[in-house]
Student: 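Quick one: structure below, then a few questions.
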Amino acid sequence: MYTGVRDKSVMQQRKVTALKIGATILVICCHCCHLDVIRSSYCQYSVLMSRILQNFGSLGVAVFFLLSGYSFGKTSKKTFVSFFQSRCVSLIIPWLFTSTIVYLYTALRKNGINVTSMVLEIIGIGNYTWYLTALFLLYLVFWRNKNDKKAVLMITVICTIVSPFQNLLVRASLLGQCVYIFQFTWVALFGLGLYISQGETLIPWGRSRFAGFIFLGGTTIIVMLLSVGRYQIYYWSYYYPLIAIPFACGLFAEKVCPKLNIWMDTAVGKFMCNSLLPIYLLHMPIAGIVARIFNYLYYSPIILRPFLTALMTLSLLWIGKVVSDKLHLSKVFCILTGFRGR
């Protein structure tokens with residue numbers, strides 16, 4: 001049993017992993033909690049829960065960008081070449097492999113295979129893998145100044161101020177399918193995570209007992225009110241950065257993150273921690289199946305959908321890991337799927 005860690009860096013890494021688990025569940029909420037727009041016979045509870053979970057789910061990607069910026073800041077000693085070589089193995093190969101599999105699964109059931117559409121979907125144009133495209137663009141944007149704390153802070157502040165106006169003045173239709181990628185909100189969140197990584201604590205105000213709860217509690221109340229008021233939160237909504245940035249900061253504060261050390265040291269916890277990237281890359285088809293099945297129910301247990309989707313994806317990964325171990329292909333499985341363990 002895990003009894004405590006004195007090394008601050010290890011404690012911080014475990015908290016980051018715990019937050020990634022929560023953010024993964026939030027992202028899955030976005031993809032499996034929608035209702036069939038053709039039908040109108042759902043009970044009001046299902047409609048409200050669907051809107052609530054989708055609105056909170058939209059904030060999961062904000063947490064990921066903040067965490068990505070924080071992790072990026074911890075690689076300050078790597079050269080440009082060594083950094084992108086490591087990302088090629090840890091991200092690009094799993095990204096290309098799993099995206100191709102998901103595309104083929106979808107294309108063979110619908111319109112058939114088209115090379116152009118396959119390439120566009122893999123890089124995230126009209127597809128959920130847009131996050132990885134945006135992430136690599138952010139690596140390039142911040143690489144030169146990643147160790148310059150003042151420059152990072154200046155970029156972060158400017159993008160934080162500009163982001164609501166971008167969404168207010170620039171119509172999403174003008175950016176088309178690229179609207180997910182080109183958001184100043186992502187630059188602000190990534191920069192904030194990078195800036196935090198250069199300090200001594202996870203977040204400057206983390207020592208305050210109530211600071212994290214103020215940010216997290218306030219944004220949670222706002223999201224609930226918007227959901228009850230039948231507002232849908234989109235990445236290109238002008239108020240999205242006003243909610244997403246404080247929400248991610250509040251969740252990232254030291255006093256807010258729950259202590260999951262004991263659970264993370266169990267067999268299931270360790271396997272899930274090692275499976276976060278492949279869960280993100282492979283969950284979409286399963287989320288679609290879960291949503292389709294549950295949408296036939298008048299009283300749809302919406303709250304169960306993200307956990308069922310995560311469990312099913314995790315189960316498939318476990319089967320794949322067991323089979324690859326039996327065939328002595330464990331290393332190949334890890335490289336192709338992004339699984340972190342052995």
Student: Indicate yes or no: at least one non-hydrogen side-chain atom of L120 is less than 4.5 angstrom from one of N127.
Tutor: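 Of all side-chain heavy-atom pairs linking N127 with L120, none is under 4.5 Å.
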Student: Would you find a donor on one side and an acceptor on the other, under 3.5 Å apart, between the side chain of R305 and the backbone of H34?
Tutor: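 Yes, because the side chain of R305 sits within donor-acceptor range (under 3.5 Å) of the backbone of H34.
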Student: If you look at every heavy atom in M312 and I286, which pair is closest and at what distance?
Tutor: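 Of all heavy-atom pairs spanning M312 and I286, the closest is CB-CG2, 3.8 Å.
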Student: Aromatic contact between F136 and Y139, with the criterion being ring centroids under 6.0 Å apart: yes or no?
Tutor: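 Close enough - the centres of the two rings lie under 6.0 Å apart.
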Student: For the pair N55 (side chain) and S50 (backbone), establish whether a donor and an acceptor sit closer than 3.5 Å, ignoring hydrogens and angles.
Tutor: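 Here the side-chain-to-backbone pair does not exist.
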Student: Flag yes if I245 and V157 sit in one hydrophobic cluster, no otherwise; membership is Ile, Leu, Val, Met, Phe, Trp, Tyr, and two members link when side-chain heavy atoms are under 4.5 Å apart.
Tutor: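 Yes; V157 is reachable from I245 via cluster members.
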Student: Picking from I155, T160, V162, I161, what satisfies side-chain contact (heavy atoms from CB on, under 4.5 Å) with I158?
Tutor: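 In the set I155, T160, V162, I161, the residue that makes a side-chain contact (heavy atoms from CB on, under 4.5 Å) with I158 is V162.
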Student: Got F247 and V63 here, is their nearest side-chain heavy-atom distance under 4.5 Å?
Tutor: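 Sidechains of V63 and F247: in contact.
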Student: Within the 3.5 Å criterion, strictly below it, is a donor on Q54 or S58 matched to an acceptor on the partner's side chain?
Tutor: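 There is no such pair (donor and acceptor under 3.5 Å, judged by atom type) between the side chains of Q54 and S58.
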Student: Is V102 reachable from V115 through a run of hydrophobic residues whose side-chain heavy atoms are each under 4.5 Å from the next?
Tutor: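 V115 does not cluster with V102.
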Student: Between L316 and L282, is a side chain to side chain contact (heavy atoms under 4.5 Å, CB included) present by the stated rule, with each step listed?
Tutor: CA-CA 10 Å; L316 288 177; L282 294 170; over 6 Å; no
Student: Evaluate W130 against I125 for side chain to side chain contact (heavy atoms under 4.5 Å, CB included), listing each step before the verdict.
Tutor: CA-CA 6 Å; W130 63 266; I125 306 300; over 6 Å; no
Student: Quick one: pull up OG1 in T98 and CG in L336 and give me the separation to the nearest 0.5 Å.
Tutor: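 Those atoms lie 9.5 Å apart.
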Student: Is there a path of hydrophobic side-chain contacts, each under 4.5 Å between heavy atoms, that joins I221 and L59?
Tutor: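 As far as the 4.5 Å side-chain criterion goes, L59 and I221 are not connected within one cluster.
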Student: Taking side chain as C-beta onward, heavy atoms only, is L317 less than 4.5 Å from F339?
Tutor: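 No; the side chains remain at least 4.5 Å from each other.
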Student: Just by modelled atom types, is the I28 backbone N or O under 3.5 Å from a matching donor or acceptor in the T309 side chain?
Tutor: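 Here the side-chain-to-backbone pair does not exist.
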Student: Just so I know, are the side chains of M49 and S227 near enough to count as touching, which here means a heavy-atom distance under 4.5 Å?
Tutor: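 The answer is no, as the side chains (C-beta and beyond) never meet within the 4.5 Å cut-off.
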Student: Would you compute the distance between atom CG of L276 and atom CG of L281 and round it to the nearest 0.5 angstrom?
Tutor: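 Spacing of CG (L276) from CG (L281) equals 11.0 Å.
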Student: Begin with the C-alpha distance, continue with both residues' side-chain angles, and end with the deciding distance and a verdict on ring-ring contact (aromatic ring centres under 6.0 Å, His included) for F215 and F252.
Tutor: CA-CA 10 Å; F215 282 98; F252 203 39; over 10 Å; no
Student: Test side chain to side chain contact (heavy atoms under 4.5 Å, CB included) on F182 and L137 and set out the steps.
Tutor: CA-CA 10 Å; F182 299 112; L137 290 175; 4.2 Å; yes
Student: If you take all heavy atoms of T337 and P94, which pair is closest and at what distance?
Tutor: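 What the structure gives for the nearest pair is C-CB, 3.6 Å.
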Student: Please confirm whether Y238 and F165 have ring centers closer than 6.0 angstrom.
Tutor: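 When the ring centroids of Y238 and F165 are compared, they turn out to be at least 6.0 Å apart.
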Student: Side-chain contact test, heavy atoms from C-beta onward, threshold under 4.5 Å: evaluate it for T129 versus T133 and give yes or no.
Tutor: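 Contact flag for T129/T133 side chains = no.
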Student: Kindly give the heavy-atom pair with the smallest separation between C273 and I21, and that separation in Å.
Tutor: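 C273 and I21 have their closest heavy atoms at SG-CD1, 3.9 Å.
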Student: Have T79 and S82 got a donor and an acceptor in their side chains that come within less than 3.5 Å?
Tutor: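 Result is yes, a qualifying pair exists.
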Student: Does any non-hydrogen side-chain atom of V187 lie less than 4.5 Å from one of F65?
Tutor: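 Not in contact.
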Student: Does the ring centre of Y195 sit less than 6.0 Å away from the ring centre of Y70?
Tutor: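 No - the distance between ring centres of Y70 and Y195 does not fall below the 6.0 Å cut-off.
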Student: Before giving the answer on side chain to side chain contact (heavy atoms under 4.5 Å, CB included), spell out for F294 and I302 the whole-Å C-alpha distance, their side-chain angles and the decisive distance to 0.1 Å.
Tutor: CA-CA 8 Å; F294 278 88; I302 305 287; over 6 Å; no
Student: Is the Y240 ring parallel, tilted or perpendicular to the W186 ring (thresholds 30°, 60°)?
Tutor: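 The rings of Y240 and W186 stand perpendicular, inter-plane angle above 60°.
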Student: Do F184 and L140 sit in one hydrophobic cluster, given that two such residues count as connected whenever their side-chain heavy atoms are within less than 4.5 Å of each other, even indirectly?
Tutor: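 Cluster IDs for F184 and L140 differ.
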Student: From S68 OG over to L135 CG, what is the distance, rounded to the nearest 0.5 angstrom?
Tutor: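 Between S68 OG and L135 CG, I get 5.0 Å after rounding to 0.5 Å.
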Student: Quick check: do E121 and S99 have side-chain heavy atoms less than 4.5 Å from each other?
Tutor: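 Answer no - side chains too far apart.
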Student: Are L311 and I303 co-members of a hydrophobic cluster defined by side-chain heavy atoms under 4.5 Å apart?
Tutor: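 I303 does not cluster with L311.
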Student: Judged by modelled atom types alone, do S117 and Y103 share a side-chain donor-acceptor pair under 3.5 Å?
Tutor: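 The answer is yes; a qualifying pair exists.
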Student: Which atom names give the shortest non-hydrogen contact between I25 and F307, and what distance separates them?
Tutor: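 Distance-wise, the nearest heavy atoms are CG2-CE2, 4.1 Å.
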Student: Can any side-chain N or O of T313 pair as donor or acceptor with the backbone N or O of H283 at less than 3.5 Å?
Tutor: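 Looks like no, no N/O pair under 3.5 Å.
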Student: Measure the OG-CG distance between S197 and L192 for me, rounded to the nearest 0.5 Å.
Tutor: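 The CG atom of L192 is 10.0 Å from OG of S197, to the nearest 0.5 Å.
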Student: Give, for atom CH2 of W95 and atom OG of S90, the distance between the pair rounded to the nearest 0.5 Å.
Tutor: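 With rounding to 0.5 Å, CH2 (W95) is 12.0 Å from OG (S90).
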Student: Between the side chain of S163 and the main-chain N/O of C159, is any donor-acceptor distance below 3.5 Å?
Tutor: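 Confirmed, S163 side chain pairs with C159 backbone.
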Student: Any idea how Y131 and Y280 line up, ring-wise: parallel (<30°), tilted (30 to 60°), or perpendicular (>60°)?
Tutor: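 If you compare the ring of Y131 with that of Y280, the planes turn out perpendicular.
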Student: Locate the shortest heavy-atom distance separating I233 from L226; write the atom from each residue and the value.
Tutor: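 Closest pair (atom of I233, atom of L226, distance): CD1-CD1, 4.0 Å.
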Student: To check you understand the geometry: which heavy-atom pair defines the closest contact between P306 and C33, and what is its length?
Tutor: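 That closest heavy-atom pairing would be CD-SG, 3.9 Å.
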Student: Could you tell me the separation between the CD atom of Q166 and the CD atom of Q183, rounded to the nearest 0.5 Å?
Tutor: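 So the gap between those two atoms works out to 4.5 Å.
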Student: Considering only Ile, Leu, Val, Met, Phe, Trp and Tyr, and joining two whenever side-chain heavy atoms are under 4.5 Å apart, list the other residues clustered with I289.
Tutor: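 Y105, I293, which link up through side-chain heavy atoms under 4.5 Å apart, make up the rest of the cluster.
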Student: Please find out if less than 6.0 Å separates the ring center of F142 from that of F72.
Tutor: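 Ring centroids of F142 and F72 are no less than 6.0 Å from each other.
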Student: For this output row, return yes or no: ring centroids of Y180 and W236 closer than 6.0 angstrom.
Tutor: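 Centroid separation for Y180 and W236: below 6.0 Å.
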Student: Check whether NZ of the Lys or CZ of the Arg K146 lies under 6.0 Å from the centre of the six-membered ring of W143 and within 45 degrees of that ring's axis.
Tutor: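 The answer is yes, since K146 meets both limits relative to W143.
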